[in-house]
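A, B, ... follow the sequence lines: proteins, then strands. Residue 1 opens every chain. All values reported here derive from a predicted model rather than from experimental measurement.
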Amino acid sequence: MVWSEKFVFFGSHDFSRRILAGLLAGGQQPALVISTISKPSGRKKIIEPTPVEVLAKNAQLPFVSIKSFKQSYPQELTQIQANFAILAAFNRLLPKSLLQLFPLGVINVHPSLLPLYRGPSPIQQAILDEQAVTGVTLIILDEEMDHGPIIAQEQLSLNYDDALTLFIRTADLAVNMLKLIVPDYLAGKIKPQIQDHSRATYTSLITKKSGQADFSWPAKKLDNMRRAYTPWPGLWTTWQGSILKFIKTTVSTEKNIKPGQVIWLNNSLLIGCGQNTALQIIELQQAGGRPQTAKDFINGHRSFLRTSLPS
RNA sequence: CGCGGGGUGGAGAAGUGGCAUCUCGCCUGGCUCAUAACCAGGAGAUCGCGGGUUCAAGUCCCGCCCCCGCAA
C-alpha cells in the first residue's frame with residue numbers, strides 16, 4: 001500500500017541507500033531525494049556521488065544534492081510541498097526553518113536505542129561496549145541532535161557482529177519499522193513520546209587514529225575495536241614504517257605472551273596483549289598490499305615473528 | 001593533473017645492468033616421537049602489458065593496464 005502523503009528522503013551514506021532501496025522495493029516513492037555533495041576525494045581527487053545519489057539516479061527519482069543549507073534551500077524542496085520527510089545518516093543538521101517545511105515533521109532513523117548512543121557512531125560504540133542488544137529508533141527531528149520525540153523503537157540482539165553486518169541488519173530492521181509505523185503515524189494513531197534526556201549518552205566522530213592498536217590493552221578490547229572499525233578505519237598498527245591492518249582477528253586462549261610480542265604457535269599467528277591475553281591474527285593487510293592470511297604473510301615476512309609491536 | 005607503495009613459479013617475498021633466489025605449498029624417495037617435524041631429490045616463471053636504450057634489462061627510459069595505503 002502506497003503511503004497517502006508525499007515525502008522527501010534525506011540521506012548520504014550506504015546505510016541511507018539501503019533504507020531507500022528497501023522503501024522502493026516496498027513500493028514507496030519519495031517525491032524528492034536529497035543527498036550531500038562531498039568534497040573532492042578519493043585517490044584521484046574526484047567528487048564521487050554518494051550511494052544515495054547513485055540509487056536515486058538509477059531509479060530515476062527526482063534528485064538534488066546540496067552542500068549545506070546555510071545559504072538557502074534548493075527550489076525543488078520548497079516547490080514539492082511534501083507533508084513529511086524521512087532522514088537517515090544525512091550528515092547535516094537541518095535548520096528549524098527547514099524542518100518547518102514539513103507539516104508532519106521529519107522522521108529520523110537512528111541505529112540505537114535512544115536516548116542511548118546519540119551522535120555519529122552508535123553502531124560502532126555499541127560493539128566497543130560489548131552491548132548484548134542495540135536497536136533502531138524512529139524519532140521526529142527537532143533542532144538538537146537525536147533529541148526529538150520517539151515514535152517507534154525496536155531491539156536487535158548483537159552477536160559477534162562487526163559494524164558492517166550490523167549496519168546492514170539495522171537498516172533492514174529500519175525498513176520494516178518504517179513500513180509498519182509510517183501509515184499509523186500519518187493517520188495520527190501514534191503519539192510521539194519525549195525521550196528521557198537524563199539517560200542520554202553520546203558517541204563521537206571516528207577518526208583514522210581511533211583504530212590504532214595498543215597492545216598493552218587486553219585482546220578482547222582490540223578485537224572489539226577490529227569489529228567496530230570494520231571497514232573503516234580498521235584495527236591497525238605500524239610496522240617497518242607503514243600501516244599494517246588486522247582484517248580478521250579473534251581472542252586467543254594463549255597466555256604468557258609479552259604485550260606486543262609476535263609469535264607463531266600451533267599454526268596460528270599470535271600477538272601478546274595486556275592483562276596476560278593474546279590476539280590471534282587470521283587475516284591482515286599491509287599498506288600497498290591485498291589482504292592475506294596470516295600464513296601467507298609470514299611466509300614472505302619471517303622477520304615479523306620475533307618482532308615487538310607498539311604498546 | 002593531491003601524496004605514496006606495489007604487480008617476480010600455485011601463495012607470500014628478495015633481487016639498482018652480468019647464471020632466477022628465499023619461505024610456504026606440491027611431487028618422489030628416505031627417516032620416524034618429531035611437534036611451524038626432519039633429510040635428500042624434483043616439477044613448476046614468456047619477471048603486469050607494449051615500445052626504447054644496451055654486447056647484455058626483472059633491474060635504466062617512455063607509454064599503458066591493474067591492485068593498495070595516506071588524505072577527505
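- Applying the salt bridge (Lys or Arg N to Asp or Glu O under 4.0 Å) test to A:Asp172 and every residue at least two apart in sequence or in another chain returns A:Arg18.
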ring-ring contact (aromatic ring centres under 6.0 Å, His included) between A:Phe7 and A:Phe84, intermediate numbers included: CA-CA 5 Å; A:Phe7 74 103; A:Phe84 75 107; 5.4 Å; yes
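- Nucleotides B:U21 and B:G9 place their C1' atoms 12 Å apart, quoted to the nearest Å.
- Between the C1' atom of B:G69 and the CD1 atom of A:Ile247 lies a distance of 12 Å, rounded to the nearest Å.
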Identify all pairs in which a protein N or O lies below 3.5 Å from an N or O of nucleotides 3-7 of chain B, and state each distance.
residue: B:G5; atom: N2; partner: A:Gly288; partner atom: O; Å: 2.7

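- At whole-Å resolution of the value, CD in A:Gln212 and P in B:G69 are 17 Å apart.
- For the pair A:Leu265 CG and B:U35 P, the interatomic distance rounds to 13 Å; values are reported in whole Å.
- Side-chain atoms of A:Ser268 and A:Asn266 include no donor-acceptor pair closer than 3.5 Å.
- What separates CG of A:Asp296 from P of B:A36 is a distance of 19 Å, to the nearest Å.
- For the residue pair A:Leu141 and A:Asn108, the shortest heavy atom distance occurs at CD2-CB, 3.5 Å.
- Between B:G12 and B:G25, the distance separating the two P atoms is 15 Å to the nearest Å.
- Taking the P atom of each, B:C39 and B:A56 are spaced 43 Å apart, rounded to whole Å.
- A:Ser121 places no side-chain N or O within 3.5 Å of a backbone atom of A:Ile206 that could act as its donor or acceptor partner.
- Protein atom CD of A:Gln292 is 17 Å distant from nucleotide atom P of B:G10, rounded to whole Å.
- Residues forming a salt bridge (Lys or Arg N to Asp or Glu O under 4.0 Å) with A:Asp14 (at least two apart in sequence, or on another chain): A:Arg17.
- With A:Thr238 contributing its side chain and A:Gly241 its backbone, the two residues share no donor-acceptor pair below 3.5 Å.
- Nucleotides B:A72 and B:C60, compared at atom C1', are 36 Å apart to the nearest Å.
- The separation of B:G63 from B:G69, taken at their P atoms, amounts to 26 Å, rounded to a whole angstrom.
- In this structure, the side chain of A:Asn159 does not engage the main chain of A:Asp161 through any donor-acceptor pair within 3.5 Å.
- Applying the salt bridge (charged side-chain N to carboxylate O under 4.0 Å, His left out) test to pairs two or more places apart or on separate chains, those with a residue in residues 120-134 of chain A are A:Glu130-A:Lys220.
- Across the strands present, B:C70 finds its partner in B:G2; the criterion is a Watson-Crick or G-U wobble pair with both atom distances under 3.5 angstrom.
- Separating the CZ atom of A:Phe304 from the C1' atom of B:A36 is a distance of 16 Å, rounded to the nearest angstrom.
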Side chain to side chain contact (heavy atoms under 4.5 Å, CB included) between A:Val182 and A:Lys179, intermediate numbers included: CA-CA 6 Å; A:Val182 170; A:Lys179 282 180 186 165; over 6 Å; no
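- Taking atom C1' on both nucleotides, B:G17 is separated from B:C3 by 31 Å, rounded to a whole Å.
- Pairing for B:C38 goes to B:G30, judged as Watson-Crick or G-U wobble with the two contacts each under 3.5 Å.
- To the nearest angstrom, C1' of B:A13 lies 11 Å from CD of A:Gln240.
- The same atom, P, is picked in B:A36 and in B:G41; the two are 24 Å apart, to the nearest Å.
- For B:A13, one of the phosphate oxygens OP1 or OP2 lies less than 4.0 angstrom from a side-chain nitrogen or oxygen of A:Gln286.
- Rounded to a whole Å, the NE2 atom of A:His301 is 11 Å from the P atom of B:G12.
- Base-pair partner of B:A13: B:U21 (Watson-Crick or G-U wobble, both distances under 3.5 Å).
- Comparing A:Phe297 and A:Leu305 along RNA chain B, the residue whose closest nucleotide (by nearest heavy atom) sits nearer the 5' end is A:Phe297.
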I'd like a table of atom pairs between the protein and nucleotides 22-25 of chain B - only N or O on both sides, under 3.5 Å - with the distance next to each one.
residue: B:U23; atom: O2'; partner: A:Arg302; partner atom: NE; Å: 3.1
residue: B:U23; atom: O2'; partner: A:Arg302; partner atom: NH2; Å: 2.7
residue: B:U23; atom: O2; partner: A:Asn299; partner atom: O; Å: 3.4
residue: B:C24; atom: O4'; partner: A:Asn299; partner atom: OD1; Å: 3.0
residue: B:C24; atom: O2'; partner: A:Asn299; partner atom: ND2; Å: 3.2

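- For B:C67, neither phosphate oxygen OP1 nor OP2 lies less than 4.0 angstrom from any side-chain nitrogen or oxygen of A:Gln285.
- By the side chain to side chain donor-acceptor pair (under 3.5 Å) test, A:Thr36 is found to be paired with A:Ser12, residues two or more places apart in sequence or in another chain being considered.
- Separation of the P atoms belonging to B:A14 and B:C33 is 39 Å when rounded to the nearest angstrom.
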